[in-house]
Every structure is written in structure tokens, then in C-alpha cells.
Amino acid sequence: MNATRTLLFSVFIFLSFSLSAQNTVGLTIRDTSGPVISRNIYGHFSEDLGRCIYDGFWTGDHIRMDVVEALKKIKIPVLRWPGGCYADQYHWRDAIGPRDQRKHTVNTTWGMVSEDNSFGTHEFLQLCDLLGCQPYIAGNVGTGTPEEMENWLEYLNYNGKSTLADLRRQNGREQPWGVSFWGVGNESWGCGGSMTPEYYAGEYNRYSEFCKNYPGTRLKLIASGANSDDYNWTEALMKHIDRGRTWGISMHYYTLVGSWAHKGSATQFTEDEYFRAMVSCLRMEDIVSKHSAIMDRYDPHKRMALVVDEWGIWTDAEPGTNGAFLYQQNSMRDALIAATTLNIFNNHADRVKMANLAQTVNVLQALILTNKDKMLLTPTYHVFDLYKVHQDARLLPIQYYTPDYVHGMEKIPAVNASASKDSAGAIHVSLVNLDPAKKISVRVNLPGIPFKTVQGEVLTSSRFTDINTFEDPNRVKPAVFNGAKKDGADLVVELPAMSVVVLELK
Ligand code: AHR
């Protein structure tokens with residue numbers, strides 16, 4: 001048995017090398033039972049920052065229905081709010097009750113702007129109801145108290161008679177919302193309070209003690225996790241927090257082209273900067289693997305989730321806009337980053353149970369940009385639209401060998417992929433070619449997976465700097481893909497340069 005396995009593996013390696021020399025990917029997809037890809041991997045983040053909430057989701061006195069309809073189309077499963085850094089300065093009582101009587105506060109984190117708090121708890125939860133998604137609220141540890149957090153949860157989730165539940169009713173909401181996903185602070189190593197992991201673990205235990213499961217709602221508590229590759233943070237949390245009452249630990253990682261001081265433009269960049277972005281994006285694989293390995297030692301049955309509740313590319317803000325508002329355009333490069341990262345998350349579905357792209361509308365790697373009453377869908381939006389087929393599907397393990405995308409003296413894997421099988425039995429394969437100049441052939445071997453038809457869609461553009469603008473909103477958009485065909489029992493795909501392809505096999 002072992003000898004046969006070794007022989008098969010050697011044949012796979014041999015074929016892989018020969019195929020890669022010919023600029024061809026050899027990919028094997030097996031129909032063995034993998035974990036379910038949680039729909040929440042396709043989640044989003046909306047901080048009270050810049051024009052994400054005000055202008056993005058909320059104008060005047062109402063929720064923007066054009067934005068809601070667009071997000072419903074991609075089946076947004078979960079939305080995180082109110083931060084981010086802002087969560088640790090947010091006091092929920094400032095933003096309930098009649099809007100003209102709400103407190104005016106200063107958003108000291110993002111631009112020192114005045115907040116009228118017209119968008120608060122009720123408005124956020126109404127937004128989630130309209131979207132048909134789960135709310136994920138980040139509670140305040142940095143400037144809050146366990147009592148404030150406990151009260152907010154009672155206000156949200158208690159169905160009986162209490163002064164706080166009655167206040168909720170008086171403010172227009174009879175039934176409790178049953179908010180389940182609950183973050184205990186945000187970036188507590190930084191803007192959330194500059195804590196050490198051991199200190200935070202103590203705080204987490206204290207705060208979470210008062211996060212009660214009101215009848216009908218079991219909380220899914222998420223501890224504030226590591227900054228990218230700070231593995232010590234995860235180790236300390238796994239060691240010191242009460243894991244029994246914890247659903248997940250978060251982690252934040254942003255794709256960066258240069259340094260935090262010089263992040264570079266979102267729209268005008270060279271191939272060198274394109275390549276740097278891809279190197280940075282691909283680090284997510286290593287970072288997720290290493291955090292998962294630490295969690296595995298304490299939680300071998302993978303009961304706890306790794307929650308990547310902030311990710312995406314972070315560039316300089318658009319020239320002429322308020323730098324603290326983090327408004328950036330979104331290019332074909334961003335679409336490739338989104339697709340690659342989602343492939344990584346899919347392939348780690350055993351541990352990554354939620355992820356939230358930063359940040360939905362008008363901030364960082366946004367899905368939607370708005371300009372007064374106009375709205376446009378970014379290339380990143382289209383990736384989420386194509387990839388929604390993976391939500392709640394069963395991951396199919398893949399093995400592949402890819403040629404490299406060579407840039408100067410450096411190289412990265414040109415192609416990445418993931419595959420899943422949905423409840424109706426359809427197989428979906430998502431393929432990304434990062435090489436901006438070379439098309440690549442993919443031969444997919446599917447042992448034990450008979451299929452009759454293949455169809456798909458492709459997202460590509462002639463330049464990686466291509467963007468959608470209010471004048472030209474459909475420059476980057478998906479098209480029907482005709483480059484995949486059945487060849488015997490195999491599938492053969494001609495992947496265009498710089499493209500995202502999602503195929504359905506039936
Ligand atoms: O997404 C912008 C900011 O990035 C968030 O507020 C914070 O959590 C992170 O540092």
C-alpha cells in the first residue's frame with residue numbers, strides 16, 4: 001500500500017514538473033469529504049469610518065436600498081460593525097432613541113469628525129434584516145466597562161421584562177434581535193488599548209463572564225486576535241482565555257504594497273508594485289497556516305474558529321479625499337487579491353469559519369463606491385458574486401502544481417485554486433491566474449467525479465490598473481467563459497492572463 005502511494009506520488013510530482021515546464025497546471029480534485037466552507041467566510045466589515053456608514057449605507061434618514069440590493073445579490077452572510085478601532089470608543093447609548101436627541105460625539109479615531117449618531121443599534125440591525133445577514137457586533141473593551149457590554153446585550157437579546165428591554169421596546173423594537181456573533185474588543189494590542197496578550201486575556205475573561213446567553217440566543221464570542229504574524233498573541237490567548245466560552249479568535253492581515261508610511265496608489269502602479277501586492281497577498285496562506293497550527297495544539301478537534309475579521313488591500317487614499325477616511329479605488333489587481341484570498345480561506349475551511357473584508361462601501365477594499373445618489377460595483381464585488389457558489393458547500397481537497405509568475409529575480413505561484421461540491425451535487429472550481437502577461441492551460445483530473453457539462457464565468461481586463469468609475473462603471477465585469485471543455489474524463493481550461501474563472505461542473 002505504502003509502495004503504491006509512493007509510486008503515485010512520484011508520478012504526480014513527475015507529471016507536475018513536466019506540466020509546469022510547459023506552462024501548464026496539473027490539478028487533481030478528489031471527491032473526499034472535506035469540511036463545509038462556512039458562508040461566513042464571505043462576510044464583510046462596515047466601520048463607522050469615513051463614508052462607509054454615512055453616505056455609504058445611510059443617507060439623510062434612511063438606509064440606501066441600492067446598496068442593500070447589490071449586497072443581497074452576492075448573498076452577504078454576515079456584517080461586522082461598529083469597528084474596527086472605532087468599536088473601542090463606541091458607547092451604544094449615544095446612538096439609540098429619537099435621532100434628534102442623540103448625542104453628538106467626536107470620531108477621534110477617524111478624522112476628528114463630528115458624529116450625530118443617527119445610525120446606531122436599531123439602524124444597524126434594521127440594515128442586517130434588510131440584507132438578510134447575521135450581525136456581528138464588536139463590543140467596547142478599550143473605553144468601556146463589563147457593565148456597559150452586559151447592558152447592551154440585555155438591550156439586544158432579552159425578551160422578558162426589564163428596564164433595558166422596555167427601553168428597546170419604547171425605541172420601536174418589540175422582539176429581541178438575538179445577536180449571536182459578539183467581538184470582545186478589537187485590536188486590543190493596538191488601537192483597542194495597547195495591551196499585552198496576557199493582560200488582554202485577563203480582560204477577555206472578565207468581560208466575557210458578563211456576556212450572558214439570554215434565552216433563545218447562544219452567544220458566539222470572538223476574542224480580539226493577532227496582528228498578522230504575531231503568533232505569540234494567539235499562543236497566549238489559547239493558553240490563558242477561557243476557551244470553553246469562546247467561539248473564535250480573530251486575526252487581522254492587510255495586503256500592503258510598500259510600507260505603512262508609503263502604501264502606494266490604488267490606481268496608478270507599475271508591474272513591480274503589482275507583483276509586491278501579490279507577494280503580500282499570498283502571505284495570508286502562511287499566516288493562516290501558522291495561527292491554525294497553534295490553535296490545533298490547544299484545540300485539536302477544531303471547535304474554535306479562526307476569524308479573519310479584517311483583510312484586504314490597503315493603499316493610499318484617493319488624492320483629494322480626506323486621508324483619515326481611507327477611501328480608495330478598486331482595480332483588477334484588487335479582484336485578483338480577493339479571489340486568491342478567498343481560495344486560501346476555502347482551503348482552510350476546517351479552521352477559518354468567518355472572514356470580513358474591510359470595508360464594504362467607500363473604505364479600503366470596497367465592494368461598492370457611492371457618489372451622492374450614484375453607486376458602482378467594484379471588480380472586488382464581482383469576485384464575491386462569482387464565488388458565492390462556494391458558500392456552505394463542501395470543500396473538495398485539491399492538489400496541483402503550477403508554473404511560476406516570474407518577475408525579475410523573483411517568482412510566485414502563477415495559479416491558485418479551490419473547489420467545492422454544493423448540496424445539489426454541482427462542483428465549483430475557482431481558478432486564479434496572477435500572471436499579467438501569460439495565459440496558462442489547466443488540465444484538471446477528477447478521479448471518481450463524473451460530469452457531463454461545464455460552464456463558467458471569467459473576470460479579467462486588459463490592464464491590472466483597470467477600474468470601474470462613475471463614468472465607466474462596467475469596464476471590469478464578469479463575462480461568459482468559453483475556455484473550458486471536457487476532454488475524456490478530464491477538464492481542460494485555458495486561463496487568460498490575469499483572470500479569475502469560476503466553473504460549474506454537473
Ligand atoms: O479597517 C481600518 C482599521 O484597520 C480598523 O479600524 C482597525 O481595526 C484596523 O487597524
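Position 1 is the first residue of the sequence; numbering continues from there. Computed from a prediction, not measured in an experiment: that's the story for all the values here. Every number for a ligand or one of its atoms is a count from 1 in the order of the listing.
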*Asks:* Please determine if Arg475 and Asp472 form a salt bridge, counting it only when a charged side-chain N lies under 4.0 Å from a carboxylate O.
*Replies:*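 Yes.
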
*Asks:* Work out which heavy atom in Gly139 is nearest to a heavy atom in Asp88; give both atom names and the distance.
*Replies:*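 What the structure gives for the nearest pair is O-OD1, 4.2 Å.
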
*Asks:* For ligand 1, note which part of Leu364 has a heavy atom under 4.0 Å away: side chain, backbone, both or neither.
*Replies:*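 Leu364 to ligand 1: side-chain contact only, backbone stays beyond 4.0 Å.
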
*Asks:* Got the closest protein heavy atom to atom 2 (C) of ligand 1, with its distance?
*Replies:*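 Nearest neighbour among protein heavy atoms for atom 2 (C) of ligand 1, to 0.1 Å: Gln359 NE2, 3.6 Å.
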
*Asks:* I need the atoms of ligand 1 closer than 4.0 Å to a non-hydrogen atom of Trp314, numbered in the order shown.
*Replies:*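 So the answer, numbered in order with elements, is 2 (C), 3 (C), 4 (O).
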
*Asks:* What part of Trp311, side chain from CB on, backbone N/CA/C/O, both or neither, has a heavy atom under 4.0 Å from ligand 1?
*Replies:*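 No part of Trp311 is near ligand 1 at this cut-off.
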
*Asks:* Salt bridge check: are Arg206 and Glu150 linked by an N-O gap of less than 4.0 Å?
*Replies:*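 A salt bridge is absent here (no side-chain N lies under 4.0 Å from a carboxylate O).
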
*Asks:* Do Glu123 and Arg99 meet the salt-bridge criterion of a basic N to acidic O distance under 4.0 Å?
*Replies:*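 The answer is yes: the pair qualifies as a salt bridge.
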
*Asks:* Ignoring hydrogens and geometry, is there a side-chain-to-backbone donor-acceptor pair from Arg245 to Asn205 under 3.5 Å?
*Replies:*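 Pair found, side chain donor or acceptor close to backbone of Asn205.
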
*Asks:* I'd like to know if the side chain of Ser292 and the backbone of Val288 have a donor-acceptor N/O pair within less than 3.5 Å.
*Replies:*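 Judged by distance alone, yes, a pair lies under 3.5 Å.
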
*Asks:* Hey, could you give me each pair passing disulfide (SG to SG under 2.5 Å) that has a residue in residues 42-110? Not counting sequence neighbours.
*Replies:*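 Listed once each, the pairs are Cys85-Cys191.
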
*Asks:* Could an N or O of ligand 1 be found under 3.5 Å from any N or O of Cys85, whether backbone or side chain?
*Replies:*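 By distance alone, the answer is yes.
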
*Asks:* Tell me whether ligand 1 is touched by Tyr86 - counting only heavy atoms on the residue side and a distance under 4.0 Å.
*Replies:*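 Per 4.0 Å heavy-atom rule, Tyr86 does not contact ligand 1.
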
*Asks:* By number and element, which atoms of ligand 1 are closer than 4.0 Å to a non-hydrogen atom of Asn186?
*Replies:*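 Checking each atom against Asn186, I get 8 (O).
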
*Asks:* Indicate yes or no: does Asp55 engage Arg64 in a salt bridge with an N to O separation below 4.0 Å.
*Replies:*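 Result for this pair is no, no salt bridge flagged.
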
*Asks:* Which residue holds the protein heavy atom closest to atom 7 (C) of ligand 1, what is that atom called, and what is the gap in Å?
*Replies:*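 Residue, atom and distance for the closest contact: Glu310 OE1, 3.3 Å.
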
*Asks:* Suppose I only count heavy atoms of Phe45 and a 4.0 Å limit; which atoms of ligand 1 are within that range?
*Replies:*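 Those of ligand 1 that fall under 4.0 Å from Phe45 are 1 (O).
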
*Asks:* Counting each atom of ligand 1 from 1 as listed, which ones have a heavy atom of Gly84 under 4.0 Å away?
*Replies:*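 Checking each atom against Gly84, I get 5 (C), 6 (O), 8 (O).
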
*Asks:* To the nearest 0.1 Å, how far is atom 10 (O) of ligand 1 from its closest protein heavy atom, and which atom is that?
*Replies:*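 Nearest neighbour among protein heavy atoms for atom 10 (O) of ligand 1, to 0.1 Å: Glu187 OE1, 2.7 Å.
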
